[in-house]
Amino acid sequence: MFSGSTKLLCSPNLTFTKNPNPQLPFSPPNRFLYSHKPQIRCARKGSKRTGKSRYPSEKRKLKSIQQTETQIDKFKGFWRLFKLGVSIDRDPGKDFLHISDALLEEVAKVLEFPVASMLPPEAFVVLRKSFDARKSQKEPKFVYTVEMDVDKLLDLEPRTWDFISLLKPKIGLIEHMPHEKVVGDLVSVIHDNKKIDQDRVPVENGHSSSLSGSKSPAAKKPKIAVVGSGPSGLFASLVLAEFGADVTLIERGQPVEKRGRDIGALVVRRILQLESNFCFGEGGAGTWSDGKLVTRIGRNSGSVMSVMKTLVQFGAPESILVDGKPHLGTDRLIPLLRNFRQHLQDLGVNIRFGTRVDDLIVENGHVVGVNVSDSSGRLQLSSEKLGFDAVVLAVGHSARDVYQMLLSHNVELLPKDFAVGLRIEHPQELINIIQYSKLANEVRSGRGKIPVADYKVVEYVKGEEKDASSRSCYSFCMCPGGQVVVTSVNPSELCINGMSFSRRASKWANAALAVTVSQKDFSALGFHGPLAGVEFQREFEQRAANMGGGSFVVPVQIVKDFMDNKVSGKILIHFVFFTTDQWLSSRAFFMSATSLPSSSYRLGVKAANLHELFPVHITEALQHSISAFDQELPGFISNGALLHGVETRTSSPVQIPRIPETFESMSVGGLYPVGEGAGYAGGIVSAAVDGMYAGFALAKSLNLYKGEIESIFGKGQNSVSVKY
């Protein structure tokens, strides 16, 4: 076996034989005289999946490998090396994203190259780095995906030729690519495609000619309204403006500077601005959240990488391109959004903050404009009519008034399944210990060698009744080193979420524990129709507000007490009875109290019985799942763990049907529903991708873009709504 403590991977007494093939840079691999041939052993436990047990993705990749293996030119293009593990003591730490000496040793093992220090670091690039602390591993380690540039490697170290010749693709471990998969940031992508369109255009005789030196006649720019400045709205606006449309971005909330002050007034003085809060305002609900950039639509896909690189262009750290669990935090999102706004304004986008869309103007089944009013309270405008050629509807799923407005125009809305539950909070130190054991001290409040510990858990629950459907309970929006915040947009309703800053240095860790609900659950409470899910949410938000006593005080319960159906923090009086031969009397009593653990929620908590919040089947699903989570994460049920109510807005309760190819509404022409509020995304990245694709689709329908989006980002990348 190779030694992990040295870069010399073979005997120092090696000798080189004469090169029998002068056309090669040096002799074949048997030129080295090993006393024992080194072996590479897979670190993964258990047998390898074969035959029918392979995942569909593995079967597709295997078929592709079998078809192309004989056609591979191993000495051209790039090789990707996956699952390269480096132990903590050998790795520089979570913030180092380059090629370390220890990582070169792991690369050398894969290549079976004898001396790791002879490999030039310049020939390798880290594509992905994550931390694996699973108990199934022998030891926690950093796991890398590395890309190897063959031309550069051979140029800098020709003696690697023979070792490259022995490389073969292996599913999940080694992959060959004839060309580097490079997708630039969105602005660069659009500029490149505009240049292609402009360099060669058809002329009357059927031939093509260059546009250089000539100007096309001025054409009227199409006027587009984008409603909502969350990720979908921002990226749709960016695409359309870059292609030359006249874009007006309408946001009911305030820019991040004013929005931050409004949120401060809510947290400190309990003053809720109905149109500028944790949900409404520049950047959408994700601005004052955890800033997660994880997604299920394909981290390596061209569309996701383009979104990530665009965020980097506007101020995000380059580490998000490499980090296995990329995260920004509110403190980084705020300056990023300022830069994004400035770029849009430089493109001529008219951004109207503090402006609410009250109605659509529809003529002959087609949207021709919107009615807006001032939502800031500064102007007393009753209504203003604005004409547009198309409207991109990119509101979040808290804009319930927009759903009502759409129904008034007979726009089809479909009720959608989502999840509701409670937000659990632990001391972050406890989660570090559960996940890392003795390594917990290495976290150092986000400044240590390893990342602040998080978790992701899921449990499937089967109902006891014969016709009961199964449910899943899962952790959602886990915020290590974060805090619980209020996301209400109405004083009579109470809902919460989690957020964190970039360092994740808070002493608390929180996550929603959400149980899936469906139309069957809505109907059980008497809610029917397209907005049944909205009414279902509102019901529990009002219950939570009443249980907290108002003023955004959150009802809470210690996890152990929730499991035992016992109210936390109540004074319990215990009577001690003494007996004699003739009578029974109480001679003494003592009092005890179960104190509440501290909470990060700044507007106050109140002990309550959270069993009174949800129907019994949801409560039992939570109890069952928490018990299962404690088996997976021993210590999850503890006196320091506190449940907060209520979490209802995990995803949109409705979906607005649209034409898949054009993104246009199936009910009204000229209306393009996108993002979370339309039911086609969940999270910053998937919402941004959806808005981006909608922008391309609309630009194409307006003849601003003549290419095929699949040629840029790859086939099948616009199916955001299938999995986000």
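Scanning both residues, P140 and A133, for their nearest heavy atoms gives CB-CA, 4.2 Å. Among all heavy-atom pairs drawn from L494 and A544, the shortest one is CD2-O, 3.8 Å. Pairing each heavy atom of F280 with each of L274, the nearest pair is CD1-O, 3.4 Å. Across all their heavy atoms, S383 and N371 have their closest contact at OG-CB, 3.8 Å. For the pair V267 and L603, the tightest heavy-atom approach, listed with the atom from each and the gap, is O-CD2, 3.1 Å. Closest of all the heavy-atom pairs between I656 and P673 is CG2-CG, 3.8 Å.
Judged purely by atom type and a 3.5 angstrom limit, Q273 has no side-chain atom pairing as donor or acceptor with the backbone of E275. Here the side chain of N546 pairs no donor or acceptor atom with the backbone of R543 at under 3.5 angstrom. In this structure a side-chain-to-backbone donor-acceptor pair under 3.5 Å is missing from Y460 to C473. Side chain of S237 to backbone of L249: no donor-acceptor contact under 3.5 angstrom is found. Remark: the backbone N or O of Q519 is paired with a side-chain donor or acceptor of S523 at under 3.5 angstrom. Side-chain atoms of T650 come within 3.5 Å of backbone atoms of A419 as a donor-acceptor pair (strictly under, hydrogens ignored). The main-chain N or O of G481 is found under 3.5 Å from a side-chain atom of Q428 such that the two form a donor-acceptor pair. In this structure a side-chain-to-backbone donor-acceptor pair under 3.5 Å is missing from Q483 to W508. Judged by distance alone, the side chain of T295 and the main-chain N or O of V685 form no donor-acceptor pair under 3.5 Å. In this structure, S289 contributes its side chain and G291 its backbone to no donor-acceptor pair below 3.5 Å.
Relative ring orientation between F636 and H426 is described as tilted, the plane-to-plane angle lying within the 30° to 60° band.
Side-chain atoms of E541 and T648 form a donor-acceptor pair, as typed in the model, at a separation below 3.5 Å. Checking N565 against N609 by side-chain atom types alone, a donor-acceptor pair falls below 3.5 Å. With no hydrogens or angles considered, a side-chain donor-acceptor pair links N490 and S492 at under 3.5 Å. Side-chain contact of S502 with D331: a donor-acceptor pair under 3.5 Å is present, judged by distance alone. Looking at K416 and S651, their side chains do bring a donor and an acceptor atom within 3.5 Å of each other. A donor atom on one side chain and an acceptor atom on the other are not found under 3.5 Å apart for R259 and S276. In the model, S599 has a side-chain atom that pairs as donor or acceptor with a side-chain atom of H644 under 3.5 Å. Residues E425 and S600 bring a donor and an acceptor atom of their side chains to less than 3.5 Å of each other.
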### L406/L393 under side chain to side chain contact (heavy atoms under 4.5 Å, CB included): CA gap, chis, key distance, verdict
CA-CA 11 Å; L406 293 175; L393 191 65; 3.8 Å; yes
### Task
Verify salt bridge (Lys or Arg N to Asp or Glu O under 4.0 Å) between R356 and D358, making sure each step is shown before the conclusion.
CA-CA 6 Å; R356 182 179 56 247; D358 297 318; 2.9 Å; yes
### Query
Please walk me through it: do Y601 and V486 pass side chain to side chain contact (heavy atoms under 4.5 Å, CB included)?
CA-CA 8 Å; Y601 185 73; V486 62; 3.5 Å; yes
### Task
Give the intermediate values and the outcome of side chain to side chain contact (heavy atoms under 4.5 Å, CB included) for residues L293 and H327.
CA-CA 6 Å; L293 301 177; H327 155 261; over 6 Å; no
### Task
Starting from the C-alpha separation in whole Å, work towards a yes-or-no answer on side-chain hydrogen bond (donor to acceptor under 3.5 Å, both in side chains) for R503 and S445.
CA-CA 8 Å; R503 271 293 173 189; S445 299; over 6 Å; no
### Query
L337 and L234: side chain to side chain contact (heavy atoms under 4.5 Å, CB included), yes or no, with the steps?
CA-CA 9 Å; L337 287 166; L234 289 173; 3.6 Å; yes
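The distance from the CD atom of E676 to the CZ atom of R649 is 12.5 Å, given to the nearest 0.5 Å. Here the straight-line distance linking atom OG of S686 with atom OH of Y680 works out to 13.5 Å at 0.5 Å rounding. The line from CZ of R332 to CD1 of I320 is 9.5 Å long, rounded to the nearest 0.5 Å. Atom CG of L333 is separated from atom CG of L311 by 8.5 Å, given to the nearest 0.5 angstrom. Note that CD1 of I351 is 10.0 Å distant from CD of E251, once rounded to the nearest 0.5 Å. One finds the CD1 atom of I558 at 10.0 Å from the CG atom of L643 (value rounded to the nearest 0.5 Å).
At least one side-chain heavy atom of V370 sits under 4.5 Å from a side-chain heavy atom of I250. Annotation: side chain of M499 is not in contact with side chain of C479 (no heavy-atom distance under 4.5 Å). S638 has its side chain within reach of L430: a pair of non-hydrogen atoms, C-beta onward, lies under 4.5 Å apart. Between V646 and I496, the closest side-chain pair of non-hydrogen atoms is not below 4.5 Å. Considering only heavy atoms from C-beta on, D417 stays 4.5 Å or farther from T516 through its side chain. L407 is listed as a side-chain neighbour of L413, based on a closest heavy-atom distance under 4.5 Å. L622 places a side-chain heavy atom less than 4.5 Å from the side chain of F562. Using a 4.5 Å cut-off on side-chain heavy atoms (C-beta onward), S398 and F278 make no contact.
Other residues, nucleotides and ligands contribute more than 12 heavy atoms inside 6.0 Å of the CD atom of E442.
Partners of D521 by side-chain contact (heavy atoms from CB on, under 4.5 Å), not counting sequence neighbours, listed by chain and number: R471, V517, S518, F536, H617.
Under the 4.0 Å criterion applied to side-chain N and carboxylate O atoms, R423 and E647 are assigned as salt-bridge partners. Comment: E493 engages R400 in a salt bridge, judged by a side-chain N to carboxylate O separation of less than 4.0 angstrom. Residues D401 and R252 are paired through a salt bridge, judged by an N-O separation under 4.0 Å between the basic side chain and the carboxylate. Under a 4.0 Å N-O distance rule, the pair K325/D454 qualifies as a salt bridge. Ion pair D564/K566 not flagged as a salt bridge, since none of the NZ, NE, NH1 or NH2 atoms sits closer than 4.0 Å to an Asp/Glu carboxylate oxygen.
Two rings, from F235 and F340, have their centers less than 6.0 Å apart. Under the 6.0 Å cut-off for aromatic ring centres, H528 and F522 do not qualify, their centroids lying 6.0 Å or more apart. Ring centroids of Y436 and F131 are separated by less than 6.0 Å, placing the two rings close together.
Remark: of the listed residues K258, R338, Q254, R341, R341 is the sole one forming a side-chain hydrogen bond (donor to acceptor under 3.5 Å, both in side chains) with E282.
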